[in-house]
Amino acid sequence: MSSFAGRMREYPTVSLDRFDRENLHAQAYFLSHCHKDHMKGLKGPLLKRKLQFSRTVRLYCSFVTKELLLNNPKYAFWEEYVVALELESPTQISLVDEASGEVEEVVVTLLPAGHCPGSVMFLFEGRQGNVLYTGDFRLAAGDASRMELLHSGSRVKDIQSVYLDSTFYDPRFYQIPSREVCLRGISELIGNWISQSSYHVVWLNCKAAYGYEYLFTNLGDEFGTQIHVNSLAMFKKMPEILSYVTTDRRTQIHACRHPKDEEFFQGNRLPCGCTAADGTPLRIISIKPSTMWFGERTKKTNVIIKTGSSSYRACFSFHSSYSEIKDFLSYLRPVNIVPSVVPIGRTLAEVTLRLMCRNRSDDAAITYKPLGVLKRSRVQRPAYGDTDTANYFDCTESNGEDDDDEEEEEEEGKGDTRTAEGGEDAPKWEDFFTTEPLSDSQNSQSHSCCSPSRETGSQTPDLFGDVEDQTPENLETFSLTMSASLSNHSSQNLDDTLILPQQNPNAKAEPEELPASPDFDIPSTPESKAPQPDDLLQLYRKLASGEEVVIRGGRGGGGGGPVEGQ
DNA sequence: GCGATCAGAT
DNA sequence: CACATCTGATCGC
């Protein structure tokens with residue numbers, strides 16, 4: 001869940017996806033997509049009042065987001081203040097201080113985010129450099145290289161900061177089957193069922209949120225049917241979706257919902273009723289889309305799991321996996337990465353610093369390399385959705401023997417052995433875990449405007465908090481605890497798990513056992529454990545001697561680039 | 001009575 | 001496991 005406070009360091013007079021608190025003073029608003037957790041404060045009376053007194057403040061979003069937003073009566077008052085922007089059309093926006101008359105110009109570009117209908121990323125280019133706010137996104141490996149406006153000529157634009165959807169920015173979520181693979185699994189399950197008789201129906205148990213429409217349209221095409229939903233109103237101006245949904249329940253594919261009675265239907269499922277028009281009992285299976293993930297080396301990857309006699313779980317993700325995020329960042333190589341999801345018990349400053357990439361050694365390498373080497377090759381590929389070769393199998397099935405497979409099987413996408421994007425100068429993933437201190441130039445931009453608060457996390461991360469006091473000691477300490485907490489997230493594939501010493505479960509009870517640091521707390525995660533002094537001592541010695549602290553299973557030691565084997 | 005916030009469930 | 005949302009309890013105005 002996003003905990004982004006709404007503002008970016010470089011352009012603090014604009015607010016994105018947050019509309020409360022400090023954001024009430026913004027000079028321009030941006031909404032990346034129409035999910036409630038990105039609309040906090042958007043229906044607030046305070047904001048409404050402010051708009052009535054302002055002549056310049058506007059809300060910018062995509063056309064689809066505007067449509068979805070205004071469709072909801074609670075946000076209808078935005079009508080006269082929303083400015084929809086075309087995708088991939090740089091637009092100059094004047095940020096006006098209405099008190100002083102000062103104006104700052106910034107060019108914003110909407111890039112498709114693949115998260116839900118209308119979802120976009122915002123690229124800002126202006127006096128304070130280029131920054132990319134990703135909103136929430138699901139992009140496949142290589143997608144960044146296909147976005148024209150992330151490039152200048154044949155080069156990637158120099159990005160100062162990426163404000164990142166870090167939902168699955170954790171090695172536990174190394175891979176999530178691609179959209180295409182998930183869709184194919186769901187299609188196969190549905191096809192096998194509804195072909196048996198016209199009384200065989202499926203219920204897609206979807207959450208109340210935009211983002212499943214992709215399923216509806218593809219399944220609609222595949223089976224030549226419409227999908228039963230509760231309302232068509234939000235799609236009335238979107239023929240591409242509208243034609244695939246219906247409020248007529250006489251169809252074999254349902255995504256209808258019944259907020260109250262769902263529990264009553266637990267045994268029997270379909271919210272709109274369990275008998276056909278002629279009174280015949282329907283034969284119902286339910287499919288619940290939910291996120292499934294697999295480790296780096298996992299090969300068995302069923303996207304459909306049977307959870308009961310007539311219920312299934314199907315893989316479906318709104319967010320990019322760890323390896324997809326990794327690919328994205330490796331390609332863009334921003335100076336700073338600011339995660340949108342801050343773990344409870346940590347400040348944004350800690351995590352931000354931790355994620356800084358382009359460390360000193362990288363910069364040195366860049367500085368001294370001939371220019372030609374800097375070019376990052378762009379991969380030209382056909383548009384989305386025209387191929388059923390799934391990324392997923394490209395990086396799993398190809399490199400090994402077949403394990404025994406289960407009931408729902410997918411065929412492998414073969415023959416599409418494209419090369420890894422990013423080129424040979426892509427940073428190794430380990431670079432992002434550096435314990436190096438900030439370079440001077442990075443440090444100098446870390447001005448604090450509020451005290452280094454230790455807010456419990458997710459709600460109001462401390463974007464403008466103190467980053468300056470991040471000493472090397474702090475970095476080391478943080479690195480240790482971060483890894484420690486990862487080691488407890490028992491991955492589905494232990495080989496991918498970072499292995500660290502066992503630790504004491506009573507972490508919170510014994511804070512004094514930790515090395516003194518004014519800016520550091522033990523994470524309060526229930527399953528996390530405090531390091532024992534002996535363990536810490538050993539780790540510090542290793543760190544001091546430059547030894548690798550993170551132990552990777554399999555693969556014969558370090559040095560493997562992030563894209564190897566793909 | 002409304003909004004904000006949190007716990008809990010799905 | 002996760003997400004995005006809804007409901008209901010509680011608190012403050």
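A note on names: the letters A, B, ... follow the listed sequences, proteins ahead of strands, and every chain is numbered from 1.
Between the CE atom of Met39(A) and the C1' atom of dC6(C) there is a distance of 15 Å, given to the nearest Å. For the pair His258(A) NE2 and dT10(B) C1', the interatomic distance rounds to 16 Å; values are reported in whole Å. The NZ-C1' distance, from Lys40(A) to dG3(B), rounds to 12 Å in whole Å. Between Leu42(A) atom CG and dA4(B) atom P the separation is 12 Å, expressed in whole Å. Distance Lys74(A) NZ to dA4(B) C1': 14 Å, rounded to the nearest Å. Rounded to a whole Å, the CG atom of Asn205(A) is 14 Å from the C1' atom of dC6(C). If you measure from atom CZ of Phe316(A) to atom C1' of dT10(B), you get 17 Å, rounded to the nearest angstrom.
Here the rule is ring-ring contact (aromatic ring centres under 6.0 Å, His included) with Tyr133(A), and of Phe124(A), Phe4(A), Phe30(A), Tyr60(A) only Phe4(A) fits it. Of the candidates Tyr81(A), Phe19(A), Phe122(A), Tyr29(A) forms a ring-ring contact (aromatic ring centres under 6.0 Å, His included) with just one, namely Phe19(A).
Applying the salt bridge (Lys or Arg N to Asp or Glu O under 4.0 Å) definition to pairs two or more places apart or across chains, those involving residues 233-249 of chain A are Glu67(A)-Lys237(A), Asp248(A)-Arg250(A).
Under the 3.5 Å distance criterion, with hydrogens and angles disregarded, a donor-acceptor pair is assigned to the side chains of Tyr244(A) and Asp221(A). Tyr212(A) and Lys207(A) share no donor-acceptor pair across their side chains, judged by distance under 3.5 Å alone. Judged purely by distance below 3.5 Å, without hydrogens or angles, the side chains of His38(A) and Asp136(A) pair a donor atom with an acceptor atom. Side-chain contact annotation: Asp17(A) with Ser32(A), donor-acceptor N/O pair under 3.5 Å present.
Listed by chain and residue number, Phe328(A) satisfy the ring pair (Phe, Tyr, Trp, His ring centres under 6.0 Å) test with Phe137(A) (two or more places apart in sequence, or in another chain). Scored by the side-chain hydrogen bond (donor to acceptor under 3.5 Å, both in side chains) test, Thr307(A) finds Ser311(A) as partners (sequence neighbours excluded).
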Polar-atom pairs under 3.5 Å, protein N or O versus N or O of nucleotides 7-9 of chain C: list them with distances, or write none.
unit_1, atom_1, unit_2, atom_2, d
dG8(C), OP1, Lys260(A), NZ, 3.3

All N/O pairs under 3.5 Å across the protein-nucleotides 2-4 of chain C interface:
unit_1, atom_1, unit_2, atom_2, d
dC3(C), O3', His319(A), NE2, 3.1
dC3(C), O2, Lys207(A), NZ, 2.8
dC3(C), N3, Lys207(A), NZ, 3.3
dA4(C), OP1, Asp136(A), OD2, 3.4
dA4(C), OP1, His319(A), NE2, 2.8

What N/O pairs connect the protein and nucleotides 11-13 of chain C at under 3.5 Å? Give each pair on its own line.
none

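Looking at every heavy atom in both residues, Arg7(A) comes nearest to Ser15(A) through CG-OG, 3.6 Å.
The closest donor-acceptor contact from the side chain of Asn23(A) to the backbone of Asp20(A) lies under 3.5 Å.
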